[in-house]
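Quick notes on the structure that follows.
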Amino acid sequence: MRAIISIATTRYSKLLFSKPNNRHIKTIVPSIIRNIMSESDHQSPAFTSPKMVVKKVLAKSQSEGDGATVRRAIGSRDLRNLDPFLMLDDFSVSPPAGFPDHPHRGFETVTYMLQGGITHQDFAGHKGTIWAGDVQWMTAGRGIVHSEMPAGEGPNTGLQLWINLSRKDKMIEPRYQELLSKDIRRAEKDGVEVRVIAGETMGVSSPVFTRTPALFFDFTLKPKAQLHQSIPETWSSFVYIIEGEGVFGSTHASAHHVLVLGPGDGLSVSNKSSEPLRFVLVGGQPINEPVVQHGPFVMNSQDEINQTIQDYHYGQNGFEMAKSWRSQ
């Protein structure tokens, strides 16, 4: 099959959490691992070279899965990918729509629920529901097949981010990390609130281990609040605005825009409106390897994609349970 370089549109998304009952999948509950040392000072910048917005894209609605709707912020024609990030979907799904059985290989998914819930099942026996504010960080590795369907009448909304894995990690065993909303660490200062999904800021850090080093912060700025957030200088980074409007660097932007950040070691944000501003700030260390993607499979070469398609078709090399499994 023809190689699809960088991100391709795909109906395969949204992995949720449950505890394993099969050794094929390992749940990691690590101690706190500080992948970055970013700091935040809301009165004056804690960095010397501010990042500016180099690309601003409105995430437009499109149909995905079986009747679901997503706003694709990364992975569209306007923004194919941003190494190491392959896709960001802002999704909304209500019964009977959903994301029925589908495979993954070669990357990680981060699912962050904003409203409602989605029930997940996979071919290793996992089943569970993720609710508003919960997070699952799933490493697909060598292969997984699963389904994701709405848990309530809806709308059930959230974000899902795809993060690439390096060549050496693409064929590792699948793993799950999970955080309930009540366990996500938070901080608040001078009208700025943050939920730390990955990384460290404002004196708090997430226990999530990011195999591809990354940060993921959910910020809310009250009216007139300002934020000065450090970001590792060599990392790729972007903002996705969930609600409200604000000024990022020198760029004004509103809900459903993704803002790609340029060179620098930090970002300044201000909320000059009369309503709260909520956005996620995401950054990651570039992998700098070839990306060849065919739908839900992300590898380094076309030969590896061809092998993956064969493995899935014949139920081998990580997909042994795929042929006999169907979600309930």
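We count residues from 1, following the sequence as given.
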[Y] and [X], any side-chain heavy atoms less than 4.5 Å apart:
{"X": "Phe216", "Y": "Leu161", "answer": "yes"}
{"X": "Phe123", "Y": "Arg326", "answer": "no"}
{"X": "Ile184", "Y": "Val135", "answer": "yes"}
{"X": "Leu261", "Y": "Leu267", "answer": "yes"}
{"X": "Ser206", "Y": "Leu179", "answer": "yes"}
{"X": "Asp122", "Y": "Val145", "answer": "no"}
{"X": "Ser181", "Y": "Trp131", "answer": "no"}
{"X": "Phe91", "Y": "Met113", "answer": "yes"}

How are the rings of His104 and His146 set relative to one another: parallel (under 30°), tilted (30 to 60°) or perpendicular (over 60°)? tilted
Ring geometry between Tyr176 and His126 (parallel below 30°, tilted from 30 to 60°, perpendicular above 60°): tilted
Short N-O contact, Arg186 and Glu193, less than 4.0 angstrom: no
Just by distance, do the side chain of [X] and the backbone of [Y] share a donor-acceptor pair under 3.5 Å?
{"X": "Ser63", "Y": "Gly67", "answer": "no"}
{"X": "Arg185", "Y": "Ser205", "answer": "yes"}
{"X": "Gln62", "Y": "Val70", "answer": "no"}
{"X": "Asp265", "Y": "Ile231", "answer": "no"}
{"X": "Asp78", "Y": "Val57", "answer": "no"}
{"X": "Gln293", "Y": "Val291", "answer": "no"}
{"X": "Arg175", "Y": "Glu173", "answer": "yes"}
{"X": "Asn156", "Y": "Pro150", "answer": "no"}

Can [X] and [Y] be counted as having a side-chain donor-acceptor contact under 3.5 angstrom?
{"X": "Gln136", "Y": "Thr111", "result": "no"}
{"X": "Thr157", "Y": "Ser92", "result": "no"}
{"X": "Glu289", "Y": "Ser166", "result": "no"}
{"X": "Asn164", "Y": "Thr212", "result": "no"}
{"X": "Gln160", "Y": "Trp162", "result": "yes"}

Tell me, please, which residues at least two apart from Ala132 pass side chain to side chain contact (heavy atoms under 4.5 Å, CB included). none
According to a 4.5 Å side-chain heavy-atom criterion applied to Ile, Leu, Val, Met, Phe, Trp and Tyr, with indirect links allowed, do [X] and [Y] form part of one hydrophobic cluster?
{"X": "Ile287", "Y": "Met171", "result": "no"}
{"X": "Trp137", "Y": "Leu114", "result": "yes"}
{"X": "Leu79", "Y": "Ile242", "result": "yes"}
{"X": "Val54", "Y": "Tyr240", "result": "yes"}
{"X": "Leu165", "Y": "Val298", "result": "no"}

Residues forming a side-chain hydrogen bond (donor to acceptor under 3.5 Å, both in side chains) with [X], sequence neighbours excluded:
{"X": "Ser327", "value": "Asp101"}
{"X": "Ser268", "value": "His228"}
{"X": "Ser250", "value": "none"}
{"X": "Ser273", "value": "Asn271"}

Say you draw a straight line from [atom1] of [X] to [atom2] of [Y]; how long is it, rounded to the nearest 0.5 Å?
{"X": "Ile74", "Y": "Leu86", "atom1": "CD1", "atom2": "CG", "result": "9.0 Å"}
{"X": "Ile130", "Y": "His120", "atom1": "CD1", "atom2": "NE2", "result": "10.0 Å"}
{"X": "Asn306", "Y": "Phe297", "atom1": "CG", "atom2": "CZ", "result": "11.5 Å"}

Could you tell me which residues satisfy salt bridge (charged side-chain N to carboxylate O under 4.0 Å, His left out) with Arg195, sequence neighbours excluded, listed by chain and number? none
Can Thr139 and Glu108 be said to form a side chain to side chain donor-acceptor pair (under 3.5 Å), step by step? CA-CA 4 Å; Thr139 304; Glu108 297 184 296; 2.6 Å; yes
Would you mind writing out the side-chain donor-acceptor pairs for residues 308-317 within the sub-3.5 Å range, not counting sequence neighbours?
{"residue": "Thr308", "atom": "OG1", "partner": "Arg105", "partner atom": "NH1", "Å": "3.1"}
{"residue": "Thr308", "atom": "OG1", "partner": "Glu304", "partner atom": "O", "Å": "2.9"}
{"residue": "Asp311", "atom": "OD1", "partner": "Gln307", "partner atom": "NE2", "Å": "2.8"}
{"residue": "Asp311", "atom": "OD1", "partner": "Gln316", "partner atom": "NE2", "Å": "2.9"}
{"residue": "Asp311", "atom": "OD1", "partner": "Asn317", "partner atom": "ND2", "Å": "2.9"}
{"residue": "Asp311", "atom": "OD2", "partner": "Arg105", "partner atom": "NH1", "Å": "3.0"}
{"residue": "Asp311", "atom": "OD2", "partner": "Arg105", "partner atom": "NH2", "Å": "3.3"}
{"residue": "Asp311", "atom": "OD2", "partner": "Asn317", "partner atom": "ND2", "Å": "3.4"}

Applying ring-ring contact (aromatic ring centres under 6.0 Å, His included) as the test, list every pair that has at least one member in residues 250-275; sequence neighbours left out. none
Contacts satisfying ring-ring contact (aromatic ring centres under 6.0 Å, His included) that involve residues 263-284 (not counting sequence neighbours) are Phe219-Phe279, Phe248-Phe279
Just grab all the salt bridge (charged side-chain N to carboxylate O under 4.0 Å, His left out) pairs involving [range], residues at least two apart or on different chains.
{"range": "residues 272-283", "answer": "Asp218-Arg278"}
{"range": "residues 45-62", "answer": "none"}
{"range": "residues 153-170", "answer": "Asp169-Arg211"}

